[in-house]
Amino acid sequence: QVQLVESGGVLVQAGGSLRLSCVASRNILGHEIMGWYRQAPGKQRELVATITSGLRSNYADSVKGRFTISRDNAKDTVYLQMNSLKPEDTAVYYCKLDTVTWSSWGQGTQVTVSA
């Protein structure tokens with residue numbers, strides 16, 4: 001199994017930017033997808049963005065145009081660049097790795113956007 005550790009979540013003002021990082025304990029070979037999810041209080045955990053090993057990405061409509069997911073396979077790291085942050089982006093952000101046989105979640109990092 002692979003451990004995922006997120007970092008970068010802080011308090012930021014609306015309109016600001018933030019970059020989250022997720023580091024895997026080891027590189028995963030083969031078909032896999034890494035992604036970011038978030039969960040706000042009283043809300044279901046929702047998909048934010050995903051990126052495949054071939055660097056194909058997709059985004060939730062709520063973040064499209066503002067967030068960018070990227071990955072550095074050499075560093076076993078996935079990033080989420082968040083721009084033009086809004087108070088509604090406030091949530092715990094989780095990193096997730098999906099393979100054909102198993103999935104792994106990080107413990108989450110808190111992002112708070114103040115109005």
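For this chain, numbers begin at 1 and follow the sequence in order.
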Y59/T50 under side-chain contact (heavy atoms from CB on, under 4.5 Å): CA gap, chis, key distance, verdict: CA-CA 7 Å; Y59 300 89; T50 61; over 6 Å; no
Show me the side-chain donor-acceptor pairs of residues 105-115 shorter than 3.5 Å, one per line, residues at least two apart or across chains.
unit_1	atom_1	unit_2	atom_2	d
T109	OG1	G9	N	3.1
Q110	NE2	A91	O	3.4
Q110	NE2	T112	OG1	3.3

Ignoring hydrogens and geometry, is there a side-chain-to-backbone donor-acceptor pair from R71 to T52 under 3.5 Å?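 Answer holds: yes.
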With a 3.5 Å distance limit and no angle check, can you tell me whether Y93 reaches the backbone of G8 through a side-chain donor-acceptor pair?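 No, because the side chain of Y93 does not come within donor-acceptor range (under 3.5 Å) of the backbone of G8.
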Of all residues at least two apart in sequence or in a different chain, which pass the salt bridge (Lys or Arg N to Asp or Glu O under 4.0 Å) check with [X]?
X	answer
R45	none
K64	D61
E88	none

Can you list the residues that meet the side-chain hydrogen bond (donor to acceptor under 3.5 Å, both in side chains) rule with [X], with sequence neighbours excluded?
X	answer
T77	none
S25	none
E46	R38

Mind checking whether Y94 and V63 sit in one hydrophobic cluster, side chains of I, L, V, M, F, W, Y counted as touching below 4.5 Å?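 Hydrophobic grouping puts Y94 apart from V63.
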Is Y79 reachable from I69 through a run of hydrophobic residues whose side-chain heavy atoms are each under 4.5 Å from the next?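 No, it is not one cluster - the side chains of I69 and Y79 are not joined through contacts under 4.5 Å.
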Test: disulfide (SG to SG under 2.5 Å). Region: residues 74-115. Which pairs qualify, not counting sequence neighbours?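 Matches after skipping sequence neighbours: C22-C95.
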Pairs meeting criterion disulfide (SG to SG under 2.5 Å) with involvement of residues 32-80, two or more places apart: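 Matches after skipping sequence neighbours: none remain.
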Flag side-chain contact, heavy atom, 4.5 Å: [X] against [Y]:
X	Y	result
L47	N58	yes
L4	E6	no
V78	W36	yes
I33	L97	no

Rounded to the nearest 0.5 Å, what separates atom [atom1] in [X] from atom [atom2] in [Y]?
X	Y	atom1	atom2	value
L80	Y37	CG	OH	12.5 Å
L20	Q81	CG	CD	9.0 Å
E32	T99	CD	OG1	8.5 Å
S57	I51	OG	CD1	5.5 Å

Does anything in residues 8-24 form a side-chain hydrogen bond (donor to acceptor under 3.5 Å, both in side chains)? List the pairs, not counting sequence neighbours.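 Every pair satisfying side-chain hydrogen bond (donor to acceptor under 3.5 Å, both in side chains) with a residue in residues 8-24: S17-N83.
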Testing the basics here: between A24 and V2, what is the closest heavy-atom pair and its distance to 0.1 Å?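 That would be CB-CG1, 3.7 Å.
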Report the hydrophobic cluster partners of V5, with the cluster defined as I, L, V, M, F, W, Y residues connected by side-chain heavy atoms closer than 4.5 angstrom, directly or transitively.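 Besides V5, the hydrophobic cluster comprises nothing; the residue is isolated.
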Partners meeting ring pair (Phe, Tyr, Trp, His ring centres under 6.0 Å) with F67 (sequence neighbours left out):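 Partners of F67 by the ring pair (Phe, Tyr, Trp, His ring centres under 6.0 Å) criterion come out as none, since no residue qualifies.
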Intermediate values then yes/no, side-chain contact (heavy atoms from CB on, under 4.5 Å), K86 and R66: CA-CA 10 Å; K86 306 174 181 179; R66 299 188 298 120; 3.8 Å; yes
